[in-house]
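Structure record follows, encoded as C-alpha cells.
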Amino acid sequence: MQHVDIAIIGGGMVGLALASALKNSKLSVLVVDEQFPLKPLAEQPELRVSAINQASENLLRRLHVWPAIQAARLQAYSHMQVWEQDSFAAIEFDHQMLHQGHLGHIIENQVVVNALWESLLDADNVQLLAPVSVQSWQRQDDGVELQLADGNTYRVGLLVGADGANSRIRQQAGLPISFADYQHKAIVATVQTELPHGACARQIFTPDGPLAFLPLYEENLCSIVWSATTCEADRLMTLDEQAFSHALTSAFDARLGVCQVHSKRLAFPLTMRYARRWLDERLVLVGDAAHTIHPLAGQGANLGLMDAAALAERLLKLKSDNKDIGLLANLRPYERWRKAEAVRMLAAMGGFKTLFSGAHPLKKLMRGAGMSAINHLPLVKQQAMAMAAGLAGDTPSLAKPLI
C-alpha cells in the first residue's frame with residue numbers, strides 16, 4: 001500500500017490547479033481521473049470555454065502556466081456590453097475604469113487543462129493517474145483507504161472531491177446538497193460573425209433568457225452561450241443550421257451582422273447546486289462538486305479556481321504548522337471562507353435571473369431606468385467590475401497580482 005498526503009479525485013481545471021498550487025511542497029499529492037485530461041487541441045475551438053477573470057489569471061500566472069496558455073490560444077476582452085431586447089436598458093463596462101489592460105480572457109477549458117497537466121509532469125511530489133477510476137474508498141481514523149480500479153491501494157491523509165457537478169465522492173460521502181432547477185438549458189456553439197467582435201464580450205437579455213457572445217482568438221469567431229427555457233432550447237436544437245443561424249442573428253439584434261454556426265451545437269440543463277456541507281473527516285469538496293451556478297455572468301470557473309487557491313493556502317499553512325491536514329476542525333476556515341463567496345455569487349445570479357425574467361412593460365421600464373442609472377454612476381460600475389474581476393473581497397494570496 002502506498003501512502004500520500006492528498007488524493008485529488010478529478011483532473012479538470014480545479015483539481016489540477018489545486019495540485020499545481022501544491023507542487024514542490026512538502027505534501028505528497030495524487031491526482032486521479034477516469035479519463036485522460038490531456039488532449040490535443042482541434043483545429044476548431046473547443047465548445048466549452050470560460051471567461052477567466054483577473055484573479056484567476058493571477059493564479060495561473062503564479063502557477064507558471066500562463067505562458068503555455070498564451071502560446072496556445074486565448075482572447076482578451078477589454079469591453080463588455082449588456083442590454084435588453086426591445087428596451088432602452090443597457091450598460092457598458094470598460095477596462096480603463098479598473099486601470100487594467102483588459103477585463104479578462106476567453107479561454108477554452110482544454111487549453112487550461114493541458115497547461116496545468118503538463119506543468120505537473122516534472123513535479124517530484126505529484127503523481128498523475130489517468131485514465132483510472134476509483135473503485136472504493138473507506139474512511140479510517142488516521143486516513144482514507146483508497147482502492148483504484150487498476151488494483152492499486154493508497155492510504156490517504158485527505159481525499160479531495162474535485163469530480164464535478166455530479167460528484168461521486170460527494171454522493172458516496174452523503175454530504176447534503178441543495179439544488180434548484182433553473183428550468184433553462186444552455187446551448188453552446190462557435191459562430192462566425194459578419195462583423196469583427198472588437199475584443200468585446202456581449203450579452204443580451206431576451207424574454208427566454210440571456211444570450212452571450214464571447215470573443216475568440218479570430219476576430220470573426222465567437223463562442224455563444226444561449227440560455228433559454230427548456231421548451232425553447234429544445235425547439236432551437238431541432239432547427240437546421242441555417243434556421244438556427246437566422247434565429248441567433250435575430251435574437252442578438254444583429255449586433256455583429258449575420259451570424260453563421262461554425263460548429264456542432266450542445267445543450268445541457270442548468271441547475272443550481274450547493275453542498276450544505278463541504279467537509280467531513282478526511283474529506284473536502286472543491287469547484288463544481290461543491291456548487292454550480294447559472295452561467296449568465298460567466299463566474300463558475302473562477303469560483304472553482306478560487307476554491308483551489310484557498311484550499312491550497314489552508315493546506316500549506318497546516319503543513320507549515322505541523323497540523324493534521326485531514327481533520328475537519330482544521331479545514332473549517334476554508335469551508336467558511338469559500339461558502340460565503342459561493343453564497344454571495346449564487347444569490348447574485350439568482351437575483352439577476354429574477355430581475356430579467358418576464359416581459360411586463362412596467363418591469364421592462366424599471367429595468368431600463370435602473371440600468372441606465374447605473375451606467376452613469378462610475379463608482380458603482382467600478383465596484384461591480386472589481387467584483388466580477390475577482391479583485392474585491394477576500395482574495396486568496398495565490399490569486400493576488402504579482403508585484
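Since the model is a prediction, treat every value here as computed from it, not as a measurement. Note that the numbering runs from 1 along the sequence shown for the chain.
Looking only at side-chain heavy atoms (C-beta outward), Pro269 and Asp181 stay at 4.5 Å or farther from each other. Leu27 is not listed as a side-chain neighbour of Val4, based on a closest heavy-atom distance of 4.5 Å or more. Contact check for Arg314 versus Trp337: no side-chain heavy atoms found under the 4.5 Å cut-off. Taking the side chain as every heavy atom from C-beta outward, Leu211 and Leu248 approach each other to under 4.5 Å. Residues Gln75 and Pro215 are in side-chain contact: their nearest non-hydrogen atoms beyond the backbone lie under 4.5 Å apart. Within the 4.5 Å cutoff, the side chain of Ser56 has heavy atoms near those of the Asn302 side chain. Considering only heavy atoms from C-beta on, Val343 comes within 4.5 Å of Tyr274 through its side chain. Considering only heavy atoms from C-beta on, Val191 stays 4.5 Å or farther from Ser245 through its side chain.
Looking at every heavy atom in both residues, Ala275 comes nearest to Leu285 through CB-CD1, 4.0 Å. Here the closest heavy-atom approach between residue Arg338 and residue Leu303 is recorded as NH2-O, 3.3 Å. Scanning all heavy atoms of the two residues, the minimum distance from Leu270 to Ala186 falls at CD2-CB, 3.8 Å. The two residues Val126 and Ala19 make their nearest non-hydrogen contact at CG2-O, 4.2 Å. Nearest approach of Ala212 to Gln203, heavy atoms of both residues: CB-OE1, 3.8 Å. The nearest pair of heavy atoms linking Leu236 to Phe244 is O-CD1, 3.5 Å.
With Asn53 contributing its side chain and Ala55 its backbone, the two residues share a donor-acceptor pair below 3.5 Å. A donor-acceptor pair is defined here as one N or O able to donate and one able to accept, closer than 3.5 Å; such a pair exists between the side chain of Thr292 and the backbone of Arg273. Judged purely by atom type and a 3.5 angstrom limit, His102 has no side-chain atom pairing as donor or acceptor with the backbone of Gly104. Between the side chain of Lys339 and the backbone N or O of Arg276, at least one donor-acceptor pair lies under 3.5 Å. Listed for the Asp288 side chain is no donor-acceptor partner under 3.5 Å among the backbone atoms of Gly164. Glu341 places no side-chain N or O within donor-acceptor distance of the main-chain N or O of Met306, the cut-off being under 3.5 Å. Of the possible polar contacts, none joining the Arg202 side chain to the Trp83 backbone as a donor-acceptor pair under 3.5 Å is found. Distance alone, capped at 3.5 Å, places no donor-acceptor pair between the Ser133 side chain and the Glu34 backbone. Between the Asn152 side chain and the Leu148 main chain, no donor and acceptor come within less than 3.5 Å of each other.
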Report the C-alpha distance between Leu103 and Ser78 in whole Å, list the side-chain angles of each, state the deciding distance to 0.1 Å, and finish with yes or no for side chain to side chain contact (heavy atoms under 4.5 Å, CB included).
CA-CA 5 Å; Leu103 294 175; Ser78 54; 5.7 Å; no
Check the pair Gln127, Val29 against side chain to side chain contact (heavy atoms under 4.5 Å, CB included), reporting the backbone distance first and the verdict last.
CA-CA 6 Å; Gln127 299 180 59; Val29 180; over 6 Å; no
For His197 and Glu219: C-alpha separation, side-chain torsions, deciding distance, then whether side-chain hydrogen bond (donor to acceptor under 3.5 Å, both in side chains) applies.
CA-CA 6 Å; His197 53 62; Glu219 64 178 10; over 6 Å; no
Give the C-alpha distance, both sets of side-chain angles, the deciding distance and a yes or no for salt bridge (Lys or Arg N to Asp or Glu O under 4.0 Å) between Glu108 and Arg48.
CA-CA 6 Å; Glu108 297 155 72; Arg48 301 304 295 267; over 6 Å; no
Audit row: Phe179, Met272, side chain to side chain contact (heavy atoms under 4.5 Å, CB included) steps and yes/no:
CA-CA 5 Å; Phe179 66 92; Met272 182 281 290; 5.7 Å; no
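Side chains of Ser28 and Asn125: a donor-acceptor N/O pair is absent below 3.5 angstrom, by distance only. Asn109 and Ser50 form a side-chain donor-acceptor contact under 3.5 Å, judged by distance and modelled atom types alone. Checked by atom type, the side-chain pair Gln260/Glu241 shows a donor-acceptor distance below 3.5 Å. For the residue pair Gln147/Thr153, the side-chain donor-acceptor check at 3.5 Å is satisfied. Under 3.5 Å, the side chains of Gln110 and Asn114 contain a donor-acceptor pair of N or O atoms.
Looking at residues two or more places apart in sequence or on another chain, you find no ring pair (Phe, Tyr, Trp, His ring centres under 6.0 Å) involving Phe268. Every ring pair (Phe, Tyr, Trp, His ring centres under 6.0 Å) that Trp66 has, sequence neighbours left out, goes to His105. Take Trp137 and apply the ring pair (Phe, Tyr, Trp, His ring centres under 6.0 Å) test, not counting sequence neighbours, and it matches no residue. Checked against ring pair (Phe, Tyr, Trp, His ring centres under 6.0 Å), Phe213 has the following partners two or more places apart in sequence or in another chain: Phe252.
Residue Ile187 holds its CD1 atom at 11.5 Å from NE2 of His184, rounded to the nearest 0.5 Å. From Leu216, atom CG reaches atom CG of Leu74 across 10.5 Å, with rounding to the nearest 0.5 Å. Going from atom CD1 of Ile9 over to atom CG of Asp33 covers 9.0 Å, rounded to the nearest 0.5 Å. The distance from atom CG of Leu146 to atom OG of Ser136, rounded to the nearest 0.5 Å, is 7.5 Å. For the atom pair CD1 of Ile224 and SG of Cys259, the computed distance is 8.5 Å after rounding to the nearest 0.5 Å. Atom CG of Leu279 sits about 11.5 Å away from atom CG of Leu327, to the nearest 0.5 Å.
Between Arg139 and Asp280, at least one side-chain N (NZ, or NE/NH1/NH2) sits under 4.0 Å from a carboxylate O, which counts as a salt bridge. Glu313 has no carboxylate O lying under 4.0 Å from a charged side-chain N of Lys317, or vice versa, which leaves the two without a salt bridge. By the 4.0 Å N-to-carboxylate-O rule, Arg282 lies close enough to Asp324 to be salt-bridged with it. A salt bridge is absent between Arg235 and Asp208; no separation between the charged side-chain nitrogens and carboxylate oxygens falls under 4.0 Å.
Residue Gln35 places its CD atom among 12 or fewer non-hydrogen atoms of other residues, nucleotides or ligands, all under 6.0 Å distant. Within a 6.0 Å sphere centred on CG of Asp124, heavy atoms belonging to other residues, nucleotides or ligands number 12 at most. Enclosure of atom CZ in Arg168 is not indicated, since only 12 or fewer non-hydrogen atoms of other residues, nucleotides or ligands lie within 6.0 angstrom. No more than 12 heavy atoms of other residues, nucleotides or ligands sit less than 6.0 Å from atom NE2 of His246.
Remark: Arg336 is not positioned above the aromatic ring of Trp278, lacking an NZ or CZ atom under 6.0 angstrom from the ring centre and at most 45 degrees off the axis.
Lys185 pairs with exactly one of Asp234, Thr229, Thr230 by the side chain to side chain donor-acceptor pair (under 3.5 Å) rule, that one being Asp234.
Listed by first and then second residue, the side-chain hydrogen bond (donor to acceptor under 3.5 Å, both in side chains) pairs that reach into residues 155-166 are Gln140-Arg155, Asp142-Arg155, Asp163-Ser167, sequence neighbours excluded. Listed by first then second residue, pairs satisfying ring pair (Phe, Tyr, Trp, His ring centres under 6.0 Å) with a partner in residues 303-333 number zero, not counting sequence neighbours.
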